[in-house]
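Note that this is a predicted model, so its numbers are computed, not measured.
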Protein chains: 2
Amino acid sequence: MKARTDTKEKIVELATDLILAGGYPSLSYQQISSKLGIKNAAIHYHYPSKEDLGVEVVRKEIERFDDFMAAVSGFGQWEKLEAFMLNYRKYLENENRICMIGACASDYREIPEQIQSTAAEYFQIVKNWFTDLLESGRSEKAFYFRGEAANKASLISSAMAGGLQHARLIGNAHYDAVITQIKLELQE
Amino acid sequence: MKARTDTKEKIVELATDLILAGGYPSLSYQQISSKLGIKNAAIHYHYPSKEDLGVEVVRKEIERFDDFMAAVSGFGQWEKLEAFMLNYRKYLENENRICMIGACASDYREIPEQIQSTAAEYFQIVKNWFTDLLESGRSEKAFYFRGEAANKASLISSAMAGGLQHARLIGNAHYDAVITQIKLELQE
DNA sequence: TGTTTTACTTACATATAAGTAAGTATATTT
DNA sequence: AAATATACTTACTTATATGTAAGTAAAACA
């Protein structure tokens with residue numbers, strides 16, 4: 001078959017997985033091609049440069065988060081929070097993968113500008129979603145916390161990303177401890 | 001001069017800096033040698049393999065934290081917390097470097113086993129120090145928080161590491177927002 | 001049916017990485 | 001003063017990375 005394959009999608013899928021596992025700098029065309037049973041140049045056909053592939057990976061992640069936001073739009077505040085936390089725990093359970101934003105942030109200075117800015121855009125979207133959730137959750141008396149919702153959103157989003165990473169070092173219970181504390185501190 | 005130089009110390013110093021900036025995988029002997037005005041093989045003389053150098057870097061960081069713990073042992077609870085937070089902010093101010101534990105955690109699957117375990121050991125020391133600080137701070141009514149001190153320590157340490165990383169994406173104010181919220185939530 | 005486009009493969013170019021073996025100049029030790 | 005250890009340099013090996021140019025088989029199209 002030489003036309004209408006799903007190779008392009010598979011490349012992005014695998015690249016996403018590899019970035020969450022080992023970071024963008026460690027991602028190689030060899031890893032992808034050997035796992036897909038294709039040649040190196042086949043990837044360059046779909047994504048001329050590694051940067052092109054990287055940008056596409058992060059863009060697709062933003063799309064996925066757009067879908068997530070739409071899917072939970074009818075949920076209650078606590079349900080939304082739990083849904084978000086569950087997604088992160090799935091990364092953890094998948095051989096200690098981390099989140100895309102954390103992966104891009106920690107390798108920030110080794111990734112091309114376009115990926116940097118796309119990752120920044122992604123984080124801003126997540127942080128805004130969290131801020132809105134906390135703000136409305138507080139006004140509806142679902143969540144209780146002091147200070148500005150934006151600051152609380154900063155704290156929670158960073159704690160979750162950091163929690164995933166630290167769980168690699170000392171075990172998954174660390175992530176659960178972070179989540180437990182976050183939830184506890186949102187209760188009355 | 002062919003004996004009694006401080007090249008070895010300079011190598012570790014520079015390697016530390018480069019890991020905090022770009023991560024262990026992106027660290028190269030070329031970067032180090034060119035910046036020190038020596039040849040590649042000179043680094044291999046002091047550190048035969050990159051793994052040897054990496055382990056030494058993390059070990060030196062543990063020593064530095066030992067010194068920190070000793071230096072602040074006479075401080076009050078809030079002073080200790082502020083001192084720790086100030087150290088992290090210095091990383092941020094130094095061209096958005098991140099902390100060693102976060103750097104090792106995010107590149108965990110790309111670093112040799114010895115570095116993984118040394119970094120894990122380091123994080124456990126930091127987390128234990130934080131747990132003790134929070135525990136004693138609460139009993140002395142300096143800090144106020146709900147739940148287990150270990151969980152609160154998990155939350156704060158991960159939020160700070162994640163905060164440093166996320167600040168690269170959207171600016172240093174993000175880190176300050178995290179710190180502001182952490183402090184606010186430790187008050188009465 | 002013939003042409004063009006799609007989706008590749010083959011083969012190669014270039015750069016850079018870690019690491020090693022052997023040589024050398026200086027400093028220290030005996 | 002001679003021997004030895006220290007701290008390198010030179011020169012090389014091997015592996016792997018991104019990327020490119022040219023060729024090819026199958027599918028889509030006109």
Notebook entry, point to check: Is it true that the side chains of B/Ser49 and B/Asp52 contain a donor and an acceptor less than 3.5 Å apart?
Noted result: yes
Next item on the list: Side-chain contact test, heavy atoms from C-beta onward, threshold under 4.5 Å: evaluate it for A/Tyr24 versus A/Met100 and give yes or no.
Entry: no
Next item on the list: Report the nucleotide, chosen from C/dA18, D/dT18, D/dT9, that has the shortest atom-to-atom distance to any side-chain atom of A/Asn40.
Entry: D/dT18
Next item on the list: Give a yes/no on whether any side-chain N or O of B/Ser49 is located under 4.0 angstrom from OP1 or OP2 of C/dA18.
Entry: no
Check: Which one, C/dA18, D/dT18, C/dT9, comes nearest to the side chain of A/Ile38?
Finding: C/dT9
Item checked: Contact under 4.0 Å: B/Lys39 side-chain N or O vs D/dC8 OP1/OP2 -> no
Next item on the list: Starting from P on D/dG19, measure out to CG on A/Leu53 and report it in whole angstrom.
Entry: 10 Å
Notebook entry, point to check: Any idea which of D/dT18, C/dC8, C/dG19 is nearest the B/Lys50 side chain?
Noted result: C/dG19
Note to self: Measuring from the side chain of A/Ala41 (C-beta onward, heavy atoms only), which nucleotide among C/dA21, D/dC8, D/dT20 has the closest atom?
What the structure shows: D/dT20
Margin query: Does any part of the side chain of B/Leu81, heavy atoms only, come nearer than 4.5 Å to the side chain of B/Phe143, both counted from C-beta?
Written below: yes
Note to self: Given D/dT18, C/dA17, C/dA7, identify the nucleotide with an atom nearest to the side chain of A/Thr5.
What the structure shows: C/dA7
Note to self: For a quick check under 3.5 Å, do B/Lys127 and A/His174 share a side-chain donor-acceptor pair by atom type?
What the structure shows: yes
Item checked: A/His46 side chain near C/dC8 phosphate (N/O to OP1/OP2, under 4.0 Å) -> yes
Checklist line | For atom OH of A/Tyr29 and atom P of C/dT14, their distance in whole Å | finding: 20 Å
Next item on the list: Could you state the atom-to-atom distance from CG of A/Leu27 to P of D/dT16 in whole Å?
Entry: 16 Å
Next item on the list: Report the nucleotide, chosen from C/dA11, D/dC8, C/dA18, that has the shortest atom-to-atom distance to any side-chain atom of B/Thr7.
Entry: D/dC8
Margin query: Considering every strand and a 4.0 Å limit on heavy-atom distances, what is the contact class for B/Gln30: base, sugar-phosphate, or nothing?
Written below: sugar-phosphate
Item checked: Side-chain N,O (A/Tyr45) to OP1/OP2 (C/dC8) below 4.0 Å -> no
Notebook entry, point to check: To the nearest angstrom, how far is B/Tyr47 atom OH from D/dC8 atom C1'?
Noted result: 15 Å
Note to self: Please report the distance, rounded to the nearest Å, between CD1 in B/Ile11 and P in C/dA18.
What the structure shows: 13 Å
Notebook entry, point to check: Atom OH of A/Tyr24 and atom C1' of D/dA17: how far apart are they, to the nearest Å?
Noted result: 12 Å
Item checked: Spacing between A/Asp6 atom CG and C/dC8 atom C1', to the nearest angstrom -> 14 Å
Notebook entry, point to check: Do B/Tyr175 and B/Tyr88 have their ring centres less than 6.0 Å from each other?
Noted result: no
Notebook entry, point to check: Atom NE2 of A/His44 and atom P of D/dT18: how far apart are they, to the nearest Å?
Noted result: 7 Å
